[in-house]
There are 2 protein chains.
Amino acid sequence: MARGSTRPTSRDVAQAAGVSQAAVSLVLGDKWRGRVSEATARRVREAAEELGYRPNLAARNLRLGHTRTVLLVVPALTTEFFAGVYTGAARVAAQHGFGVVLYPSPEGVGPARDPFASAQAALDGVIASSMAADALTAIRGDQLPLVMLDSDPDGSLGAATVNLDIADGIRQVADHLLALGHRRFLHLAADVPSWTFEVRARELAARVGAVADTELRTARAPITIDGARAAAEAALSGPGPRPTALVCDDDKLAAGAYKAARRLGLRIPDDLSVTGLDDLALATALDPELTTVRLDAELFGERGMQALLAVLEGRAPDGGDIPVELVVRGSTGAPGHRRP
Amino acid sequence: MARGSTRPTSRDVAQAAGVSQAAVSLVLGDKWRGRVSEATARRVREAAEELGYRPNLAARNLRLGHTRTVLLVVPALTTEFFAGVYTGAARVAAQHGFGVVLYPSPEGVGPARDPFASAQAALDGVIASSMAADALTAIRGDQLPLVMLDSDPDGSLGAATVNLDIADGIRQVADHLLALGHRRFLHLAADVPSWTFEVRARELAARVGAVADTELRTARAPITIDGARAAAEAALSGPGPRPTALVCDDDKLAAGAYKAARRLGLRIPDDLSVTGLDDLALATALDPELTTVRLDAELFGERGMQALLAVLEGRAPDGGDIPVELVVRGSTGAPGHRRP
DNA sequence: CGGCGGACGTTATACGTACAACGTGATGGG
DNA sequence: CCCATCACGTTGTACGTATAACGTCCGCCG
């Protein structure tokens, strides 16, 4: 884990390029015009690239007396509303060279009474969801200790992983539907490249394929209610015998499926059984309430943090997937109650 | 805005207490046992309190070489799932003296390819929702430029404000329901002390009270689906003639109201018209789709950031509430179609 | 041939903190 | 009576960066 080696500083870059630290600062700070030759500037940039130099933000902030960073305090993360607030603020901020850091005030007994203590930033490590794929390359650029959430344990990243036992959840869903008598399945899959979604597809195919006379189709949709509605509507009104069970990659997709069913005049669960995954509040806001797989998000976060602490202390993070639980509600039943 | 005065440093505290800077660091860092007398330590703490001293985190981080801060990268803020992940991670982190900063990877064309550039923290300013009330005292402790979202413009905080025109939204809701013929109203109010919710109550009362023979009751609920369900169920099964219109403080409360209606055997909108506020994806996942007030969350965020930039540059932020829009869907209709 | 200015860098310093190393009286033991 | 110990601090320094203030070499003009 490269314990001994410390991060290169601007002085290291200077030495490598055969110039002074000041010259490095000028070049990398884009203030060198008329002060440093083009050739030297290039040498500096190459040396920086070579060493993987990244400026120490604490030092820069100290020197500059400001950080061009702003804190957005929101009541909680539970609503899409503040997601939009963040997006808008971040966009404008970026246009002005500012960054935005989120401090969601913790629900219940808040541990950190002082948001500023938590926003001191510059990082010791990273916890990352495998769905935030585009950020990963940037993360790997630094040598920061990294914990991945729901990612391929054997992946090439070489990072510690903490996983929910999604595979088991999908198996429970499949077994539940098979036991009810379903044989024609539609998998409404998230259109996002991520290990966690690959697992769903693989396990569902394995479990359904193990039973005779079954059929499994797949439709892909972005993870939005209306994206899912469109995909489900198209798939359900296609040719051939209609599927009787719809397995969705998450609850939000399932909500879209409900909309699709309404528009097609299909009744849940009489004409179509639907399952989700997550067990959001949304699941019980639907009518009928959604059969889904409950994920313990808080535990997931705790385990992620514990794993990172372990890595930081040189210990091995303790493995083991986090168990999940099938919650059977009104959206699943035996197929074919009304005209099949 | 206290432009001239700069933030006090540990040296200022030392001078005020008549000791050296090192002594201040020892006392405030809780490493003084056996090195500084109780009396001196007290003097230092008092001086620090007096001056409103807060350590410069950039300097501390530079000195220490670490920050005890961790970044949590999540795909987006749209799901409650990652809210739970954050809560759990933050709890464990706090137990270990760590803080967690959120970097939600921006949706669509992400401005900041490098999350770390955005996480440099130590703050130039703050944007805060009026709902995150407990954090406000801490915020005011620092003299940071502050922009409040949806807060009392004449409040004692002396901060800049950016507001949605919630009052107008509620007026549109009230007028819509009154025009449909409703006269008995129930207000399902958020059980959160915040100016933005006070406005809802005040405007609704004013608008409904202006019409003869109307009645307005109020029920309070925490902003959760099941909290709202319980409150609405209790209020709707109470004595006296049942309300025909249920005005909810936001969409999530409305989702709870749907559940309550189902349990009471009330049909929407035949027996009960329901309205929300936010226009979340949830609104169109409900059956029937929810009549609600659309808030432009992104614009809200943009305006908040622009206001903060204005304050930082010494300009006056441009005022003006952000307009909102009533979206009429299937959850509202004329009262009393079936047995009133 | 003196010197002047542009091109190209370098040296020195400060930001605010934490902590190692170093006083300095007073007390007490041998 | 002299040195060790203790209680109570202080002096000094380093973290990594940005930038103001200085060189220094060279060509060229008068």
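Lettering of chains follows the sequences in order, A, B, ..., and the numbering in each one begins at 1.
- Counting heavy atoms from C-beta outward, Leu295(B) and Ile322(B) have side chains that stay 4.5 Å or more apart.
- Judged purely by atom type and a 3.5 angstrom limit, Asp150(B) has no side-chain atom pairing as donor or acceptor with the backbone of Asn163(B).
- Rounded to an integer number of Å, the gap from Glu38(B) CD to dC8(D) C1' is 13 Å.
- The interatomic distance linking Trp32(A) (CH2) with dA20(D) (C1') rounds to 21 Å, in whole Å.
- Within a heavy-atom distance below 4.0 Å of DNA chain D, the residues of residues 15-22 of chain A found are Gln21(A), Ala22(A).
- The OG atom of Ser10(A) lies 11.0 Å from the CG atom of Leu26(A); values are rounded to the nearest 0.5 Å.
- Shortest non-hydrogen contact noted between Ala41(A) and Val36(A) is N-CG1, 3.9 Å.
- Asp321(A) contributes atom CG, which lies 8.0 Å from atom OG1 of Thr161(A) (distance to the nearest 0.5 angstrom).
- Against DNA chain D, the stretch residues 39-48 of chain B makes heavy-atom approaches under 4.0 Å through Thr40(B).
- When every heavy atom of Val13(B) is checked against every heavy atom of Ala48(B), the shortest pair comes out as CG1-N, 3.8 Å.
- Crowding of Gln15(B) atom CD: a count of heavy atoms from other residues, nucleotides or ligands under 6.0 Å not exceeding 12.
- At whole-Å resolution of the value, CZ in Arg11(B) and C1' in dC15(C) are 10 Å apart.
- Between the P atom of dG16(C) and the CG atom of Leu51(B) lies a distance of 14 Å, rounded to the nearest Å.
- In this structure, Arg11(B) contributes its side chain and Gln21(B) its backbone to no donor-acceptor pair below 3.5 Å.
- Between Phe197(A) and Ile223(A), some side-chain heavy-atom pair lies under the 4.5 Å cut-off.
- Whole-Å rounding puts the Leu26(B) CG to dG9(D) P distance at 11 Å.
- For the atom pair OH (Tyr53(A)) and CZ (Arg45(A)), the distance works out to 14.5 Å, reported to the nearest 0.5 Å.
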For nucleotides 21-26 of chain D, which of its nitrogen or oxygen atoms have a protein nitrogen or oxygen under 3.5 Å away, and what is each distance?
none

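- Between Ala16(B) and Leu51(B), the closest heavy-atom pair is CB-CD1, 4.2 Å.
- The phosphate of dT17(D) has OP1 or OP2 within less than 4.0 Å of a side-chain N or O from Ser10(A).
- Residue contacts for Thr9(A): at a heavy-atom cut-off of 4.0 Å it reaches the sugar-phosphate backbone alone, with no base atom in range.
- With dT10(C), dC8(D), dT19(D) as the candidates, the nucleotide lying closest to the side chain of Ser25(A) is dT19(D).
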